[in-house]
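Ligands are counted one by one from 1 in listed order, and the atoms in each one are counted from 1 as well.
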Amino acid sequence: MTIRLGDTAPDFTAETTEGTIEFHQWLGDGWGILFSHPKDYTPVCTTELGRVANLKGEFEKRNVKVIAVSVDPLESHKGWINDINETQSCTMNYPIIADPDRNVATMYGMIHPNALDNLTVRSVFIIGPDKKVKLQLTYPASTGRNFDEILRVIDSLQLTANYQVATPADWKHGEDCVVVPAIKTEDIPAKFPKGFKEVKPYLRMTPQPDL
Ligand code: BEZ
C-alpha cells in the first residue's frame, strides 16, 4: 500500500513488548513516530533503538510517542532488548511491535523487496494529533538514521501547526522562520509581534515565534 503525506495513518492492533496496542488509541491526542528496522540482533538496528531510548525525554518534551516495528517475533524482541540496554547504555522505554505476519509492514509499505528481501527497510512515519501522516522517510538497511534530524523535523512541523511558519533550508532551533505564503504581508505585524523582514514579497522571515 502506498501512503502519502496527509493520508490518515492506518490503524492496527498489534502485539508489542509492552502488551497489545490499538495504534490510534495508543497514540491518543499527541504526536507519534512509527519507525521500522530490518531485523533484531543486528548492529545498526541495535544502535538506533538505543539512541531512541536515550532521546525519550526529547520526544516527551514535544508530546511525541515513539514505537518501533520489525517482522521478528515478540520473544526475539524481548531477548534483544537486553543487548540493546547493555551495549547502548540505555533502558528500553518504548514498545517494539512484533510483526511476524507482516501486517503492519505491509500496511505501511515498509517492505521494499528489491532492496531487502522480506524484511522491513528503515522507514519513519511522523503522525500528527489528527492521525495524518506528516512526514515519511526511507533509509536503506546499511544507513542508521539521524534522530537529531527527526527531532528537528518535529520542531518544524509543530511550529507550522501552531504558528503558521515554515522553516528554511538547514534551519535549526532558534533560527528565523519563514512566514507561510497564505499570510498576507499586511497581516504579518498582528500575527508576528517579534517583527519580520521582507526579503522578497514571497520571502518573509520572522524570529522563531515560540521562544
Ligand atoms: C543492521 O542493523 O546492521 C542491518 C540489518 C539488516 C541488514 C543490514 C544491516
Chemist: Looking only at atom types and distance, does a side-chain atom of D187 sit under 3.5 Å from a main-chain N or O of I183, one as donor and one as acceptor?
Modeler: no
Chemist: May I ask you to test the L34-I97 pair for a side-chain heavy-atom distance under 4.5 Å?
Modeler: yes
Chemist: Taking side-chain contact (heavy atoms from CB on, under 4.5 Å) as the test, write out the residues that go with Q136, two or more places apart.
Modeler: I3, L5, F125
Chemist: Using the side-chain contact (heavy atoms from CB on, under 4.5 Å) criterion, which residues pair with R145? Sequence neighbours excluded.
Modeler: F35, H37, E48, R122, V124, Y139, F147
Chemist: If you look only at pairs with a residue in residues 81-101, which of them pass as a side chain to side chain donor-acceptor pair (under 3.5 Å), with sequence neighbours excluded?
Modeler: none
Chemist: Can you list every pair where an N/O of ligand 1 is under 3.5 Å from an N/O on the protein?
Modeler:
{"residue": "ligand 1", "atom": "2 (O)", "partner": "T42", "partner atom": "OG1", "Å": "2.9"}
{"residue": "ligand 1", "atom": "2 (O)", "partner": "V44", "partner atom": "N", "Å": "3.1"}
{"residue": "ligand 1", "atom": "2 (O)", "partner": "C45", "partner atom": "N", "Å": "2.8"}
{"residue": "ligand 1", "atom": "2 (O)", "partner": "R122", "partner atom": "NH2", "Å": "3.0"}
{"residue": "ligand 1", "atom": "3 (O)", "partner": "P43", "partner atom": "N", "Å": "3.4"}
{"residue": "ligand 1", "atom": "3 (O)", "partner": "V44", "partner atom": "N", "Å": "2.8"}

Chemist: Answer yes or no: is there a donor N or O on one side and an acceptor on the other, between the side chain of S36 and the main chain of V69, under 3.5 Å?
Modeler: no
